[in-house]
Amino acid sequence: ITQKEALVAVGRGIGGQENLELAEELAEALGGAVCGSRPVIDQGWLPLSRQVGKSGLPVKPQLYIAAGISGAPEHVEGIKDSELIIAINSDERAPIFNVAHYGVVGDAIELLPAITEQVRAAKG
């Protein structure tokens with residue numbers, strides 16, 4: 001994940017492991033990869049090699065989409081060098097919005113498919 005130009009990161013806000021597919025589809029459309037926050041890794045949704053943050057891997061992609069990630073300081077430590085951070089979270093007070101360049105207050109489960117559709121349409 002440290003070599004990818006686009007990362008779609010997931011947190012507990014995606015609801016469950018069954019919703020990882022939504023992030024995987026967007027990552028594929030972007031030519032990137034899926035990664036996750038520590039709680040997601042701890043729950044076994046993704047392997048440790050996909051953990052981003054202070055206790056995981058530091059990343060600096062061109063595009064980092066944080067879907068359902070609250071933005072704990074340990075996570076932010078690992079993404080702060082990303083060129084563009086877009087946050088999607090249903091909690092308007094989520095700390096991730098303090099570091100994101102763009103933020104959307106909404107349900108990641110609803111927004112990820114819509115973003116994927118737009119990316120695919122833009123690529124033709």
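Given the structure is predicted, the values throughout are model-derived calculations rather than measurements. When reading the values below, keep in mind they use all heavy atoms of this one structure, side chains included, and skip hydrogens, waters and symmetry mates.
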Could you tell me whether a side-chain N or O of [X] sits under 3.5 Å from a main-chain N or O of [Y], the two making a donor and an acceptor?
| X | Y | result |
| --- | --- | --- |
| Asn89 | Ile69 | yes |
| Asp81 | Lys60 | no |
| Lys54 | His75 | no |
| Arg50 | Val34 | yes |

Side-chain heavy atoms under 4.5 angstrom apart, residues restricted to Ile, Leu, Val, Met, Phe, Trp, Tyr: same cluster for [X] and [Y]?
| X | Y | value |
| --- | --- | --- |
| Ile14 | Ile86 | no |
| Val105 | Val10 | no |
| Leu48 | Ile1 | no |
| Tyr102 | Ile88 | yes |
| Ile96 | Ile109 | no |

Between [atom1] on residue [X] and [atom2] on residue [Y], distance to nearest 0.5 Å:
| X | Y | atom1 | atom2 | answer |
| --- | --- | --- | --- | --- |
| Ile85 | Asn98 | CD1 | CG | 11.5 Å |
| Thr116 | Glu24 | OG1 | CD | 11.0 Å |
| Leu26 | Glu117 | CG | CD | 12.0 Å |
| Ser37 | Glu74 | OG | CD | 11.0 Å |

Which pair of non-hydrogen atoms, one from [X] and one from [Y], has the smallest distance, and what is that distance?
| X | Y | value |
| --- | --- | --- |
| Cys35 | Val52 | SG-CG2, 3.5 Å |
| Gln62 | Glu83 | O-CB, 3.4 Å |
| Gly31 | Lys123 | N-NZ, 4.4 Å |
| Lys4 | Ala33 | CG-CB, 3.8 Å |
| Pro113 | Ala108 | CD-O, 4.3 Å |
| Leu57 | Ser49 | CD1-O, 3.5 Å |

Any side-chain heavy atom of Leu63 within less than 4.5 Å of one from Leu7?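 No - every pair of side-chain heavy atoms lies 4.5 Å or more apart.
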Hey, are the side chains of Pro61 and Glu5 touching, using non-hydrogen atoms and a 4.5 Å cut-off? no
Take atom [atom1] in [X]; do more than 12 heavy atoms of anything else shown fall under 6.0 Å from it?
| X | atom1 | answer |
| --- | --- | --- |
| Gln43 | CD | yes |
| Gln17 | CD | yes |
| Glu18 | CD | yes |

Walk me through whether Arg120 and Glu25 qualify under side chain to side chain contact (heavy atoms under 4.5 Å, CB included). CA-CA 10 Å; Arg120 287 180 178 154; Glu25 289 174 0; 3.9 Å; yes
Given side chain to side chain contact (heavy atoms under 4.5 Å, CB included), test Asp91 with Phe97 step by step and report yes or no. CA-CA 10 Å; Asp91 178 3; Phe97 290 125; 6.0 Å; no
Apply side chain to side chain contact (heavy atoms under 4.5 Å, CB included) to the pair Asn19 and Leu112, showing each step before the final yes or no. CA-CA 10 Å; Asn19 293 320; Leu112 287 174; over 6 Å; no
Report the residue from Val8, Val59, Leu84 that forms a side-chain contact (heavy atoms from CB on, under 4.5 Å) with Tyr64.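 The passing option is Val59.
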Determine, stepwise, if the pair Ile65 / Leu30 fulfils side chain to side chain contact (heavy atoms under 4.5 Å, CB included). CA-CA 11 Å; Ile65 299 176; Leu30 293 167; 3.9 Å; yes
